2 protein chains.
Amino acid sequence: MAQLMASTNPAFMNGVPELLVLRLLRSREMYGYEIVQAIREETGEVVNLAEGVIYPLLHALERGGALTSRRTAVNGRSRIYYALSPRGVSRLDELTGLWSRLTQALHQVIKGEGYVPGV
Amino acid sequence: MAQLMASTNPAFMNGVPELLVLRLLRSREMYGYEIVQAIREETGEVVNLAEGVIYPLLHALERGGALTSRRTAVNGRSRIYYALSPRGVSRLDELTGLWSRLTQALHQVIKGEGYVPGV
DNA sequence: GCCATATACCTATTGCCTATAGGTATGATG
DNA sequence: CATCATACCTATAGGCAATAGGTATATGGC
């Protein structure tokens, strides 16, 4: 579709990796490689984010103060566990709210029922 | 949030303008300026896409064969009405399916394990 | 002992698509 | 006769996902 529909930037994925990572870390501490697989499994293969997406994102979130990290050796291998900070929690709430409002708004348009003002 | 949370590329908007434009044009022929306002109104002000987003998108969609256009004068002003082509219909179906699968997958992850969103 | 696979981390580069910030021109309102 | 609404337009910036590499250790098969 011309410039649209690229190989990179597939439709609707903007912000989704961040939301998923934050949401997964809300339940428990996890490490990068584990997060990659958890996203694939918990979305039923619908979302499949490579390590090249997740690792830079984890670093950016940590730099931004949303995550803290802890390095440990498990079975002779090094793992870096990430945990949500209070700031990460509020960012998650923010993104969840945005996502919720957007999906509701789009649902209304897609379903073809006009906007119902008021409430 | 560091590199995240930019002024441009706000979360979750990737692909949304295209989906909205195609969906609106499914009901009837519309012109650009009208689409801009329809998006604002029908999403209940949740989505507000400026003309600088919509016009280039309409041009790209027409170039890609998803839309056809028709120029008319109304009240001494020039309007360009756009209509969905068969290709635009299948593109809309494709995007709608993608959107549906993504929202369902995310819903599952977001609501999982009784997460109570912050007030 | 060796080699493929799984685990576990990493970075550099590409490029789409949204957002911003302008611009032109006509009709209507006060 | 100026301001606002209508109606079109383009150029530029930049964030974020995707790709495609890379390093290194453990494990199981042959």
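It should be emphasised that the depicted structure is a prediction, and the values quoted were computed from it without experimental measurement. Naming: A, B, ... by sequence-line order, numbering from 1 per chain.
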Polar pairs (N or O, both sides) under 3.5 Å between protein and nucleotides 9-12 of chain D?
{"unit_1": "D/dC9", "atom_1": "OP1", "unit_2": "B/H59", "atom_2": "NE2", "d": "3.3"}
{"unit_1": "D/dC9", "atom_1": "OP2", "unit_2": "B/H59", "atom_2": "NE2", "d": "3.1"}
{"unit_1": "D/dT10", "atom_1": "OP2", "unit_2": "B/H59", "atom_2": "ND1", "d": "3.3"}

Mind listing the side-chain donor-acceptor pairs of residues 67-74 of chain A below 3.5 Å, one per line with the distance, residues two or more places apart or on another chain?
{"unit_1": "A/S69", "atom_1": "OG", "unit_2": "A/E62", "atom_2": "OE2", "d": "2.7"}
{"unit_1": "A/R70", "atom_1": "NE", "unit_2": "A/E29", "atom_2": "OE2", "d": "3.0"}
{"unit_1": "A/R70", "atom_1": "NH1", "unit_2": "A/T72", "atom_2": "OG1", "d": "2.9"}
{"unit_1": "A/R70", "atom_1": "NH2", "unit_2": "A/E29", "atom_2": "OE1", "d": "2.8"}
{"unit_1": "A/R71", "atom_1": "NE", "unit_2": "A/S78", "atom_2": "OG", "d": "3.1"}

Tell me if a side-chain donor or acceptor on B/Q37 pairs with a main-chain N or O of B/Y33 at a distance below 3.5 Å.
yes
Will you find, in the side chains of A/Q104 and A/S100, an N or O donor that is under 3.5 Å from an N or O acceptor?
yes
With rounding to the nearest 0.5 angstrom, report the CG to CG distance, B/L95 to B/L19.
5.5 Å
With heavy-atom distances below 4.5 Å as the criterion, would you say the side chains of B/L58 and B/I35 are in contact?
yes
If I take atom CE in residue B/M13 and atom P in nucleotide D/dG15, what distance separates them, rounded to the nearest angstrom?
18 Å
Would you compute the distance between atom CG of B/L102 and atom OG1 of A/T43 and round it to the nearest 0.5 angstrom?
9.0 Å
Between atom CD1 in A/I35 and atom P in C/dT7, what is the gap in whole Å?
16 Å
Roughly, in whole Å, what's the span from CG in B/L102 to P in D/dA17?
12 Å
Over how many whole Å does the gap from A/L19 atom CG to D/dA17 atom C1' extend?
15 Å
B/Y31 side chain N/O closer than 4.0 Å to the phosphate oxygens (OP1, OP2) of D/dC8?
no
Atom CG of B/L57 and atom C1' of C/dC16 are separated, to the nearest Å, by 13 Å
Scan nucleotides 27-30 of chain C against the protein and return all N/O pairs shorter than 3.5 Å with their distances rounded to 0.1 Å.
{"unit_1": "C/dG27", "atom_1": "O4'", "unit_2": "B/R77", "atom_2": "NH2", "d": "3.0"}

Return the value, rounded to whole Å, for the distance between atom CG of B/L49 and atom P of C/dT18.
8 Å
Classify the ring geometry of A/W99 against B/W99: parallel below 30°, tilted from 30° to 60°, perpendicular beyond 60°.
tilted
Between CD1 of B/I54 and P of D/dA7 the distance, given in whole Å, is 16 Å
Give a yes or no answer on whether the side chain of A/R87 reaches the backbone of A/G64 with a donor-acceptor pair at less than 3.5 Å.
yes
Salt bridge between A/E18 and A/R23, side-chain N to carboxylate O under 4.0 Å?
no
What is the distance from CZ of B/R70 to P of D/dA7, rounded to the nearest Å?
14 Å
Specify the residue among B/V74 and B/N14 whose closest nucleotide of DNA chain D lies further upstream toward the 5′ end.
B/V74
Less than 4.0 angstrom between a side-chain N/O of B/Y33 and OP1 or OP2 of D/dC8, yes or no?
no
